[in-house]
Amino acid sequence: MNYKACVCNLCGTGCGQFLKTDGKKVFGVAPLIAHPVSKGKLCIRGWHSNELLSTNDRITQPMIRENGQLREASYDEAIALVVERMKQFDGAAGEIGILASARSSNEDGFTLGRLAHQVFGTRIQGIGAEAGHRKSMAALEHAFGYPGAHGSLTSIDKADYILVIGTDITRQNPIIGGNIHAAQRRGARVVTLSSSHTQIAKLSTRHFRQKPGTKGLLVNALAKALLAIRTANRERRADVDQMPGYPEYVASLRSISSVALERASGIRYEDIEEEAKFLEQARSIVFLFSSGISGLDRPTIDAITNLALLTDRMDHEDSAVIPVAGISNLQGSFDMGVSGEPGNSVFKALAEPDSPIRALFVVDHDDGIIRDKERISRLDFVAYACAYKNAFMDLAQVVFPLPAYNETDGTYTAADRRVQITHKNVDNPHGVLPGWALFQQIAGKMGQSWGYQDAAGVFADIAATVPGYADLSHAQLSKGFGQHWNPKAFPNSRQRKFNAINIEYWESPTTPEFPFALMIGKAQHYWHQNNLMRKTIVPRREYDQTLWLYPQGYIEISPEDAAHLKVRDKWLVNVCSSTGTCMKIAVKISPDVQNGTAYIPYFIKNMISDFLIPYENAYAAGEESVIPIKIQEA
C-alpha cells in the first residue's frame with residue numbers, strides 16, 4: 001500500500017489529503033499534515049472520499065440511446081454520432097448550450113470552453129453555480145482590479161479580526177470554520193453577521209442577528225461608524241481618500257439614519273459604533289462570505305469590498321477578502337471561461353420557452369435535482385459526460401464516461417486562488433478518456449487539431465492564455481502545495497476603487513395574508529442531493545440524519561411562531577406563497593430562526609425546488625432572498 005497526495009474535490013477549500021491505494025483501488029484516506037490550509041484536518045466528506053472513489057456506480061463505457069434504451073458503444077461510434085448531430089445545429093444562433101461542471105479540472109474546463117466556442121460556435125453556457133460567484137467576481141474586480149479573492153485562506157491563522165457575512169461556514173466549509181474557531185481561541189475577534197443563529201454565530205465573539213435582507217445595510221453602517229471614528233480622531237488615510245468613488249461612497253454612508261437602520265435591521269447603531277472600535281484597532285482583517293449557489297446579492301458584496309478598502313488594512317500580509325465557494329473548482333471554472341456570461345446563460349435559455357436552444361452538451365452534473373428537466377427532455381439532442389451514474393443519463397442520447405479525479409492528472413483552483421495539482425494515482429482499467437482528451441477527439445472529428453499530448457500540455461496552453469496563470473506549470477505545482485495565480489497579470493490590479501452603493505432600508509414583503517418571510521439557502525443540506533455524496537456510506541448517513549425525522553424535508557420556524565400556529569415539531573403544514581404555489585411539508589421547530597421568518601434548504605427534495613420555480617429572482621439573490629408565505633396546519 002502507498003499513500004498518494006492529492007487535493008480533495010468536494011468543496012472550494014482545497015484541502016490536502018492522502019489516498020491509501022495499491023494503484024488499482026483506493027482503500028482509505030489520511031489527512032496531509034503539512035498542507036497550509038487544512039493542516040492535517042479533513043471534514044467528514046474528505047475523510048470518506050475513498051467510498052466515492054471506490055464505488056461500483058461508475059460509467060465505464062460510452063453509450064448510445066436506441067429505441068429508448070442506452071446501449072454500450074465504442075468511442076468512435078459515440079463521437080461520430082455527437083459530431084453528426086451537432087453539425088445540424090447553429091451554435092452562433094443559440095441552438096447549442098454547454099453545461100459545464102465546477103468540479104472539472106482546469107484542463108477539462110479549458111478544453112470544454114474551446115470545444116464550445118471554437119468548434120460548436122456557441123456562447124450559451126453555464127456551470128450551475130455562477131449566480132452568486134459572478135456577482136462576487138464583478139465586485140472584487142471593480143474594487144481590487146482582478147476577478148478573484150484578495151489574500152489567502154492562510155490569513156485566517158494570523159488575522160486580528162475576522163468578519164463572516166452570512167454563510168454558515170462551519171457546515172459548508174468545515175475546515176475553514178475550524179480554522180476560524182482556532183483563530184478565535186488564540187485571540188482573534190470573530191464577528192458573524194447572519195439572520196439565523198448559525199453554528200459559526202454560536203462560536204463567534206459577537207453575532208449580529210439582523211433581519212433578513214439587511215446584511216449590506218449593516219456592513220455599510222459599520223463603515224459609517226469606522227469613518228466617524230477617524231473623523232473624530234482627525235485621522236486622514238490619504239491613500240483611501242484618493243481612491244476613485246471615495247467622495248460618493250462617503251456621502252452615501254453619511255446619509256444612513258440610525259433610526260431607519262434599527263427599524264429595518266433590528267440592530268442599534270450604538271452597537272455598530274462599539275464594534276467599529278474593534279475594527280479600527282485591528283492590524284489585519286479577514287472578510288469571508290458565501291459565493292456560488294445561494295451566495296449574496298451584488299449590493300451586499302459591494303458593501304463588503306468597500307468596507308475592506310476603507311479599513312486601509314488590505315495591504316497587510318494577513319488581511320484578505322475571500323468569497324468562499326461550496327464547490328471545488330468554482331473559481332477555476334470562471335478562470336477557464338466556462339461560466340454563463342451575462343445574457344448567454346444556458347439556464348436562461350432553458351427557462352425561456354421561446355429560446356432557440358435545441359441541443360445540450362453536459363459535463364458532470366452532480367446534483368440530484370435537475371433544473372429545467374422538462375425543457376431538457378424536449379431538446380433535439382443531449383450529450384452527457386460523467387464519471388458516475390445519475391439521473392441526467394435518462395435525458396441523454398449519448399453518454400460518455402469520465403475518470404474520477406484521482407485517475408488522471410489535473411489542477412484545481414481553490415476559493416482563494418490557490419492552484420493545486422492532483423496526479424493520477426490509480427489505474428484507469430477501462431481506458432476512459434480524460435475530459436480534455438475526449439473534447440480534443442470531438443474537435444478533431446469536426447476539423448480542428450489541438451495537438452495536446454497530456455494534461456501538462458493543456459495547462460501550458462492555459463498558462464499562455466488565461467490571465468494570472470502565466471507563472472504556473474504542472475512541474476511547478478508538483479513541488480509543494482500549490483501556488484496562487486498572480487493578480488498582477490491584470491492591468492488594473494494596482495488601482496483600487498470603491499463600488500457605488502445605494503442606501504436602502506429593507507422592508508419585508510410580507511402581508512397580513514402572507515405573514516412569514518421565507519428564506520432559502522443550502523445550509524448543511526446542500527449535500528443531501530449531491531450526486532457524489534449519495535454514493536458514499538458514512539457521509540450519506542450523517543447528512544441524512546435530519547431526513548430520518550423529516551423524510552419529506554422541512555420548514556424551520558421559531559418556537560414562538562409554532563405556538564402561535566398551534567403546531568408541533570414534525571407536524572405537516574401547508575405552505576403557500578403569494579404566487580399561488582403550495583406544498584405540504586413538516587415543521588422543524590428551532591430557536592435559531594427569528595420570529596416571523598421561516599427557512600427551507602432547497603436541495604432536500606424536488607418538491608421544494610418546484611415550489612421555488614416562480615421565484616427565479618429570489619433564487620438568484622441567494623441569502624438575501626425573501627419570499628412572503630403563509631403557513632397553515634395541514
Side-chain angles (χ1 to χ4, degrees), residues 57 59 63-65 68-70 82 85 89 94-103 122 124-131 292-294 327 338-340 344-400 402 520 522 525-535 547 552-553 577 579-585 600-620:
D57 207 7
I59 303 172
M63 288 177 276
I64 290 175
R65 189 173 300 280
Q69 300 293 321
L70 288 172
V82 169
R85 296 303 309 275
F89 309 113
E95 293 185 347
I96 300 175
I98 304 294
L99 182 51
S101 170
R103 295 197 196 283
T122 184
I124 306 299
Q125 58 190 40
I127 52 178
E130 55 260 84
I293 298 173
S294 189
I327 306 181
V338 292
S339 62
N344 289 326
S345 167
V346 67
F347 290 108
K348 184 174 184 292
L350 291 170
E352 295 178 348
D354 58 349
S355 71
I357 188 169
R358 298 174 58 197
L360 191 63
F361 194 101
V362 185
V363 175
D364 201 20
H365 186 83
D366 67 2
D367 297 327
I369 295 173
I370 302 173
R371 291 173 62 188
D372 306 300
K373 184 175 181 179
E374 292 302 316
R375 178 66 188 279
I376 295 172
S377 68
R378 296 194 300 270
L379 294 177
D380 294 335
F381 183 71
V382 176
Y384 183 56
C386 188
Y388 303 96
K389 296 176 182 178
N390 63 36
F392 222 108
M393 295 173 63
D394 299 333
L395 302 172
Q397 283 74 55
V398 176
V399 175
F400 290 105
L402 290 176
I520 59 176
K522 52 193 177 186
H525 303 294
Y526 164 74
W527 297 95
H528 278 293
Q529 289 297 334
N530 181 279
N531 183 57
L532 304 185
M533 194 55 54
R534 305 304 299 176
K535 303 188 185 309
L547 294 191
Q552 296 303 314
S577 71
T579 65
T581 57
C582 295
M583 63 178 167
K584 184 176 289 185
I585 193 170
I600 289 181
Y602 56 68
F603 269 108
I604 288 186
K605 297 288 180 183
N606 274 305
M607 171 187 67
I608 297 173
S609 297
D610 294 342
F611 175 83
L612 295 171
I613 284 175
Y615 290 96
E616 182 67 22
N617 291 336
Y619 181 94

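Position 1 is the first residue of the sequence; numbering continues from there.
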CG (N344) and CD (Q125) are apart, to the nearest 0.5 Å, by 7.5 Å
Do V82 and F400 touch side chain to side chain, with heavy atoms closer than 4.5 Å?
yes
Can you tell me if E95 uses its side chain to pair, donor with acceptor, with the backbone of P356 under 3.5 Å?
no
When you look at K348 and S355, which way does the side-chain contact (heavy atoms from CB on, under 4.5 Å) test go after all the steps?
CA-CA 9 Å; K348 184 174 184 292; S355 71; over 6 Å; no
Side chain to side chain contact (heavy atoms under 4.5 Å, CB included) with S377: which residues, sequence neighbours excluded?
E374, L395
Under a 3.5 Å distance rule, please check whether R85 uses its side chain to pair with a backbone N or O of A359 as donor and acceptor.
no
As an exercise, state the distance from NZ of K373 to CZ of F392, rounded to the nearest 0.5 Å.
9.5 Å
Using a distance-only test with no angle check, is there a side-chain donor-acceptor pair under 3.5 angstrom linking Y384 and D394?
no
Between SG on residue C386 and CE on residue M393, distance to nearest 0.5 Å:
8.5 Å
Atom OH in Y388, atom CG in L402: separation rounded to 0.5 Å?
10.5 Å
CG on N390 to CG on D57, rounded to 0.5 Å
9.0 Å
Quick one: does any side-chain atom of D364 pair with a main-chain N or O of R103 as donor and acceptor, under 3.5 Å?
no
Quick one: are I64 and L70 in side-chain contact, heavy atoms under 4.5 Å?
no
Starting at CZ of R378, measure out to CG of L350 and round the result to the nearest 0.5 Å.
10.0 Å
Does D380 come within less than 4.0 Å of R358, counting only side-chain N to carboxylate O?
yes
Sole residue of I96, I127, I124, I98 in side chain to side chain contact (heavy atoms under 4.5 Å, CB included) with V346
I124
Heavy-atom closest contact (L99 atom, H365 atom, distance)
CD2-ND1, 4.0 Å
